[in-house]
Amino acid sequence: MSDEITTVRPPFRQSSQGSRPTQGSRPTDDRRRARRAGWLVPAGLILLSAIPIAAGAFRLTQLAGGAAITSENARFFAMPLPVVLHIISVSVYSLLGAFQFASGFRRRRPGWHRVAGRVLVPCGFVVALTGLWMTLFYPRPEGDGDLVTGFRLVFGTAMFLCLSLGLAAIRRRDFARHRAWMIRGYAIALGAGTQALTHLPWFLFFGTPGELPRGLLMGAGWVINVAVAEWIIRRRPADPRRVSS
């Protein structure tokens, strides 16, 4: 019996030792895949922001370079401060805010969310308020009817309220509601990126949209973003302890 036991034990030890590297490598591979997947959402948000940011940079170049004044840009030359503040703040808000959705990055840098939030919230308020100001006091551009103006007022006000409620929630240490309101505010701010996508099929098949189609396409961009935001909020409720960390 002792001879049989000694002949059985070495293969058992070898097999158990040989399996350890394979088992140990799986968590590492899973972590790497999870880390790469965690950057997909921020990358998508940055891409969605690319078109309005590029358009804003072109507008700033016009203002700084003294481009020819036309009926399309005369309102910006007459009073450039609101549009300059809007472009700069929305660019910072869109790009910096995208990194708030990188959960792995936030876990590795616990202080990032808090520091970035101190920049994002003021930028978000500037985005909302300058957008409302331009809607109310700039001359209405050609092609923008009452429907577009109404949508801009509704969603600009909604963004301001979302940020205000999110700020109030974090002061109460209500992390779940803070997260939800901030996601909604960010979704509204990215409306211009989605509007470029809603307009593209119309341009390809029908040309320049008229007043009513343009209003509907503009509204669709905001509605799509808000719907996606609500899906994200309800799909995975935030753990207050995780958010606070």
Side-chain angles (χ1 to χ4, degrees), residues 38-39 41-50 52-53 56-57 60 81-136 151-195 221-222 225-234 236-245:
W39 285 104
V41 172
L45 294 173
I46 291 172
L47 287 175
L48 188 64
S49 308
I53 289 175
L60 291 179
L81 182 60
V83 69
V84 170
L85 289 175
H86 186 81
I87 292 170
I88 294 173
S89 58
V90 78
S91 298
V92 174
Y93 188 78
S94 300
L95 295 177
L96 192 61
F99 290 92
Q100 299 289 62
F101 293 86
S103 56
F105 177 76
R106 287 174 52 187
R107 282 194 298 270
R108 292 191 298 273
R109 292 169 174 79
W112 160 260
H113 179 76
R114 197 169 300 168
V115 173
R118 292 190 174 100
V119 178
L120 286 168
V121 171
C123 284
F125 279 124
V126 173
V127 172
L129 292 174
T130 53
L132 290 170
W133 195 98
M134 290 187 292
T135 301
L136 291 170
F151 278 135
R152 283 177 172 155
L153 292 175
V154 167
F155 285 101
T157 304
M159 181 180 174
F160 182 87
L161 291 176
C162 287
L163 294 174
S164 300
L165 292 170
L167 188 60
I170 199 61
R171 287 178 173 174
R172 299 192 307 269
R173 311 295 289 175
D174 189 342
F175 300 108
R177 284 191 172 86
H178 169 75
R179 171 182 177 270
W181 287 117
M182 288 302 176
I183 289 175
R184 293 178 181 116
Y186 186 79
I188 293 172
L190 259 63
T194 308
Q195 286 158 3
W222 279 305
N225 281 15
V226 171
V228 172
E230 292 299 326
W231 176 77
I232 292 171
I233 293 166
R234 286 163 172 73
R236 188 179 180 184
D239 182 353
R241 291 171 297 179
R242 182 178 177 184
V243 177
S244 64
S245 65

What heavy-atom pair brings [X] and [Y] nearest, and what distance separates the two atoms?
| X | Y | result |
| --- | --- | --- |
| Gly117 | Pro122 | O-CD, 4.2 Å |
| Leu136 | Leu153 | CD2-CD2, 3.7 Å |
| Val92 | Cys123 | CG1-SG, 3.9 Å |
| Trp112 | Gln100 | NE1-OE1, 2.9 Å |
| Leu167 | Met182 | N-CE, 3.9 Å |
| Gly124 | Met159 | O-CE, 3.5 Å |

Side-chain contact test, heavy atoms from C-beta onward, threshold under 4.5 Å: evaluate it for [X] versus [Y] and give yes or no.
| X | Y | result |
| --- | --- | --- |
| Trp181 | Leu163 | no |
| Val84 | Ile88 | yes |
| His86 | Val127 | yes |

Donor-acceptor contact below 3.5 Å, side chain Ser94 vs main chain Ser91: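 Judged by distance alone, no pair lies under 3.5 Å.
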Backbone N/O of Ala187 and side chain of Asn225: donor-acceptor pair under 3.5 Å: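 Pair found, side chain donor or acceptor close to backbone of Ala187.
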Phe125 atom CZ, neighbour heavy-atom count above 12 within 6.0 Å: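 For Phe125, atom CZ is crowded (more than 12 foreign heavy atoms under 6.0 Å).
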Of Val228, Val90, Leu45, the residue whose pairing with Leu190 passes side-chain contact (heavy atoms from CB on, under 4.5 Å):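 It is Leu45; the other options fail the test.
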Of Leu85, Leu129, Val83, the residue whose pairing with Met134 passes side-chain contact (heavy atoms from CB on, under 4.5 Å):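 When side-chain contact (heavy atoms from CB on, under 4.5 Å) is applied between Met134 and each of Leu85, Leu129, Val83, only Val83 qualifies.
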So, taking the atom named [atom1] in [X] and the one named [atom2] in [Y], what distance separates them when rounded to the nearest 0.5 Å?
| X | Y | atom1 | atom2 | result |
| --- | --- | --- | --- | --- |
| Leu95 | Leu120 | CG | CG | 10.5 Å |
| Asp174 | Leu165 | CG | CG | 11.0 Å |
| Ile232 | Arg179 | CD1 | CZ | 8.0 Å |

Ring geometry between His113 and His178 (parallel below 30°, tilted from 30 to 60°, perpendicular above 60°):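 Ring orientation of His178 relative to His113: perpendicular.
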Geometric class of the Trp222/Phe155 ring pair [parallel <30°, tilted 30-60°, perpendicular >60°]: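 Because their plane-to-plane angle is under 30°, the rings of Phe155 and Trp222 count as parallel.
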